[in-house]
Amino acid sequence: MKQVRFANNTNNVPGLLSDGDSSNVTIQPVNSQDNLGPQLKLLPLNDQIRELQTIIRDKTTSRGDFVFSADRLIRLVVEEGLNQLPYSECTVTTPTGYKYEGVKFERGNCGVSIMRSGEAMEQGLRDCCRSIRIGKILIQSDEETQKAKVYYAKFPPDIYRRKVLLMYPILSTGNTVIEAVKVLLEHGVQPRHIILLSLFSTPHGAKSIIQEFPDITILTTEVHPVAPTHFGQRYFGTD
């Protein structure tokens, strides 16, 4: 089984596709090693992650199985996202009186979900960080210009001092995320303090975001020219 790593060569793919396309052409994962830099981080691929990806992409998957598998994959991404946050060393005393050299995460983190599909990742973050604050951004296409437009944004008042876990499960073109990051920057957040958590990304989507914001970190499970753009509808039962 080939791992999908730093896939960025779409020369053999006639434009961006989605799982909703009617084409019967089978697209294999891109295997190019074109390096988008250390900003793009992929979860180490194993059979467990591969099965979850397969279930999510399978059009015959029931909604119950879809949500269950999506939640599992979200949890894995969130856990790895937390590994990207700063920590400090500490010493604790065990119940038997011994000293244990460990670590603790530094305070000052928050989550921000890009509505609506990003809200699917909120519970996974809360399951790992019970008291974490979560902001929201609503971005939709303008009916006249078809450009991404910010309709709503609410953040913790001190977000400019926090590390931000930005949640958006599917990176297709990257336009929505780019607009969301611009809003965070307007509120004083530094790009290097933003960690984008996603489940699936196209090469074009990841490249567009990194070109616009070279200091942002993107964490995903797969880079593939075919994006499962049905994710939000299936997860929330609106398909």
Side-chain angles (χ1 to χ4, degrees), residues 1-10 13 16-20 26-85 111 113-114 117-129 165-172 174 177 194-207 209-210 216-236 239:
M1 179 182 299
K2 296 182 179 179
Q3 291 192 354
V4 184
R5 312 299 300 171
F6 288 64
N8 187 37
N9 184 359
T10 55
V13 181
L16 291 176
L17 301 175
S18 70
D19 281 351
T26 299
I27 305 296
Q28 297 296 327
V30 181
N31 294 313
S32 171
Q33 280 296 122
D34 292 345
N35 195 338
L36 292 179
Q39 295 89 348
L40 178 62
K41 301 179 184 296
L42 285 86
L43 266 68
L45 190 64
N46 53 43
D47 290 341
Q48 176 183 209
I49 291 178
R50 194 64 172 153
E51 182 189 31
L52 295 174
Q53 294 170 339
T54 302
I55 294 172
I56 291 171
R57 288 183 177 276
D58 188 352
K59 67 179 182 180
T60 66
T61 298
S62 67
R63 180 171 179 266
D65 288 342
F66 183 95
V67 172
F68 180 80
S69 298
D71 285 343
R72 287 185 60 198
L73 192 59
I74 289 169
R75 179 65 177 265
L76 293 174
V77 171
V78 168
E79 294 280 11
E80 184 56 36
L82 295 176
N83 282 333
Q84 308 302 316
L85 297 176
S113 64
I114 302 177
S117 60
E119 292 178 303
M121 306 180 73
E122 290 183 6
Q123 189 59 49
L125 179 57
R126 287 196 175 98
D127 287 342
C128 299
C129 305
L165 297 173
L166 183 61
M167 298 174 286
Y168 197 59
I170 309 299
L171 305 182
S172 182
V177 170
I194 301 174
I195 301 172
L196 174 60
L197 306 182
S198 72
L199 304 184
F200 301 91
S201 175
T202 64
H204 174 75
K207 185 176 181 180
I209 296 169
I210 291 176
I216 196 173
T217 297
I218 300 177
L219 179 62
T220 188
T221 73
E222 185 179 61
V223 176
H224 195 292
V226 180
T229 54
H230 65 288
F231 181 90
Q233 290 82 2
R234 288 298 305 279
Y235 191 91
F236 293 106
D239 52 342

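Nothing fancy with the numbering, it's 1 onward along the sequence. Only heavy atoms go into these numbers, but all of them, side chains included; no hydrogens, no water, no symmetry mates.
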Practice problem: With sequence neighbours left out, write down each residue that passes side chain to side chain contact (heavy atoms under 4.5 Å, CB included) with S198, or none if nothing qualifies. | Solution: L171, T220

Practice problem: Would you name the heavy atoms of A120 and I74 that are closest together and state the gap between them? | Solution: O-CD1, 3.4 Å

Quiz item: Taking the side chain as C-beta and beyond, is there a heavy-atom pair between V223 and L40 under 4.5 Å?
Solution: yes

Quiz item: When rounded to the nearest 0.5 angstrom, what distance separates CE in M121 from CG in L166?
Solution: 9.5 Å

Practice problem: Nearest 0.5 Å please: distance from the CD atom of E222 over to the CG atom of L199. | Solution: 10.5 Å

Exercise. Under the side-chain contact (heavy atoms from CB on, under 4.5 Å) rule, what do T221 and Q53 come out as? Steps first, then yes or no, please.
Key: CA-CA 9 Å; T221 73; Q53 294 170 339; 3.1 Å; yes

Quiz prompt | Within residues 43-74 or reaching into it, pairs that qualify as ring-ring contact (aromatic ring centres under 6.0 Å, His included) - sequence neighbours excluded | solution = F66-H230, F66-F231

Practice problem: Could you list the residues that satisfy salt bridge (Lys or Arg N to Asp or Glu O under 4.0 Å) with E122, not counting sequence neighbours? | Solution: R126, K136

Quiz prompt | Over all atoms of both residues, closest heavy-atom pair of P225 and T202 | solution = O-CG2, 4.0 Å

Quiz prompt | Euclidean distance, F200 CZ relative to S172 OG, rounded to 0.5 Å | solution = 13.0 Å

Quiz prompt | Closest approach of I216 to I194 (non-hydrogen atoms, all atoms of both residues) | solution = CG1-O, 3.5 Å

Quiz item: Where do L125 and G111 come nearest, in terms of heavy atoms and distance?
Solution: CD2-CA, 3.8 Å

Self-check item: Closest heavy-atom pair and its distance - G81, L165
Solution: O-CD2, 4.2 Å

Practice problem: Indicate yes or no: at least one non-hydrogen side-chain atom of I56 is less than 4.5 angstrom from one of T61. | Solution: no

Practice problem: Applying side-chain contact (heavy atoms from CB on, under 4.5 Å), run through I49 and L73 and close with a yes or a no. | Solution: CA-CA 7 Å; I49 291 178; L73 192 59; 4.1 Å; yes

Quiz item: Under the side chain to side chain donor-acceptor pair (under 3.5 Å) test, which residues partner Q84, sequence neighbours left out?
Solution: E80

Quiz prompt | Set of residues satisfying side chain to side chain donor-acceptor pair (under 3.5 Å) with respect to E79, sequence neighbours excluded | solution = R75

Quiz item: Less than 4.5 Å apart, any side-chain heavy atom of R63 and any of Q233?
Solution: no

Self-check item: C128 side, atom SG; Q123 side, atom CD - distance, nearest 0.5 Å
Solution: 10.0 Å

Exercise. List for me each residue that meets side chain to side chain donor-acceptor pair (under 3.5 Å) alongside R72, sequence neighbours excluded, and say none if there are none.
Key: Q48

Quiz item: Taking atom CD of E119 and atom OG of S113, what is their separation to the nearest 0.5 Å?
Solution: 5.0 Å

Self-check item: Residues that T54 engages under side chain to side chain donor-acceptor pair (under 3.5 Å), provided they are two or more places apart
Solution: none

Practice problem: Check the pair I218 / Q39 against side-chain contact (heavy atoms from CB on, under 4.5 Å), numbers first and verdict last. | Solution: CA-CA 6 Å; I218 300 177; Q39 295 89 348; 5.8 Å; no

Quiz prompt | Test log, rule side-chain contact (heavy atoms from CB on, under 4.5 Å), inputs Y235 and S117 | solution = CA-CA 8 Å; Y235 191 91; S117 60; over 6 Å; no

Quiz item: How close do L82 and C129 get, heavy atom to heavy atom, and via which atoms?
Solution: CD2-SG, 3.7 Å

Self-check item: Short side-chain to backbone donor-acceptor contact, R234 and V67, under 3.5 Å
Solution: no

Exercise. Report the distance from atom CD1 of I209 to atom OG of S201, rounding to the nearest 0.5 Å.
Key: 6.5 Å

